[in-house]
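Here the structure is laid out as structure tokens; the discussion comes afterwards.
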2 protein chains.
Amino acid sequence: MSDVYRALSDPTRRRILELLRERPMTAGELAAHFPHAKPTMSGHFNTLKAADLIVGEKSGTTITYRLNLSVLEEALMGLMNRFRIGRDDHDR
Amino acid sequence: MSDVYRALSDPTRRRILELLRERPMTAGELAAHFPHAKPTMSGHFNTLKAADLIVGEKSGTTITYRLNLSVLEEALMGLMNRFRIGRDDHDR
DNA sequence: ATGTTATTTCGGTGTTTACCGAATCAACAA
DNA sequence: TTGTTGATTCGGTAAACACCGAAATAACAT
């Protein structure tokens, strides 16, 4: 669960998530959006997978990644609640 | 602005913010909540200050830190918006 | 001046991270 | 089987990070 925070802490990974919000994409398609080498991108995919923020489906020779929105949602909501942001604080 | 994400990525720093949400505390008071040495904690305070997430006010020999809630709020809201979480997505 | 207390900065260590090129793997086609 | 393509894992490097003990600073009291 703390993997999520770690995953979100890198700008490249945040951008990957943003791209995947539009539509699922293959590893190569995603990589084309960044100036990094393929192995670097693959590493980022692994980090995001470990946090369960993305899921990869292999089909033939390509892997299509899609965003796991519910996990991202839960993580952000968790943060909001933790700091009591975005709702009233009645018991004060 | 990316300092905020970095600051949030460490569990100790998240806990510091959580503690400061209850009430402002001095550096020593905060440090007493953790198993780390003073210099380590001081480093965390610096990171949080750099992200503008906390503000320190010196008074005599002590420094009292308080949470800068608005910055935290903005950061989290920014994340929510970026991933279009917590609101309707009308233009689809 | 000397000491005390709260906190920071300094110097250094071990670990983690982001990155790359080269090698590898898996699926498919000729 | 040989090659091609999409993607990964391997081995290694340089930078960043969390952590610590020791030394420094700053305010205050004796």
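Being a predicted model, the structure only gives us computed values, none of them experimental. Every chain is numbered from 1, with letters handed out A, B, ... down the list of sequences. Below, all heavy atoms of this structure are taken into account, side chains as well, without hydrogens, waters or symmetry copies.
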What's the separation between atom CG in A/Leu8 and atom OG1 in A/Thr47, rounded to the nearest 0.5 Å? 11.5 Å

Any side-chain N or O of A/Thr61 less than 4.0 Å from the OP1 or OP2 oxygen of C/dA27? no

Given atom CZ of B/Arg13 and atom C1' of D/dA18, what is their separation to the nearest angstrom? 9 Å

How many whole angstroms separate atom CG of A/Asp3 from atom C1' of C/dT16? 14 Å

Residue mapping more 5' on DNA chain C - nearest nucleotide basis, A/Gly60 or B/Thr26: B/Thr26

Of the nucleotides D/dT8, C/dA26, C/dT8, which one has an atom closest to the side chain of A/Lys58? C/dA26

B/Ile54 to B/Phe45 - nearest heavy-atom pair and separation: CD1-O, 3.8 Å

What is the nucleic acid contact for A/Tyr65, judged by heavy atoms within less than 4.0 Å: base, sugar-phosphate only, or nothing? sugar-phosphate

Rounded interatomic separation in angstrom, taking NE2 from B/His44 and C1' from D/dA16: 14 Å

Is it true that B/Arg82 and A/Glu18 have a side-chain N and a carboxylate O under 4.0 angstrom from each other? yes

Give the minimum heavy-atom separation between A/Lys38 and A/Ala31, together with the two atoms involved. CD-CB, 4.2 Å

Quickly work out the A/Asp10 CG to D/dA15 P distance and round it to whole Å. 18 Å

Just the rounded figure in Å: distance from P of C/dC19 to NE2 of A/His36. 4 Å

Quick one: B/Ile16 CD1 to D/dC19 P, roughly how many Å, whole number? 10 Å

Using a 6.0 Å cut-off, check whether atom CD of A/Glu57 has over 12 heavy atoms from anything other than its own residue. no

Of the listed nucleotides D/dC19, D/dC20, D/dT8, the one nearest the side chain of A/Ile63: D/dT8

Which of these nucleotides, C/dT7, D/dT9, D/dG6, is closest to any side-chain atom of B/Thr62? C/dT7

To the nearest Å, give me how far apart CG (B/Asn46) and C1' (D/dC19) are. 15 Å

Reading DNA chain C from 5' onward, which residue's closest nucleotide shows up sooner: A/Thr40 or A/Arg6? A/Arg6

Quickly work out the B/Lys38 NZ to C/dC10 P distance and round it to whole Å. 19 Å

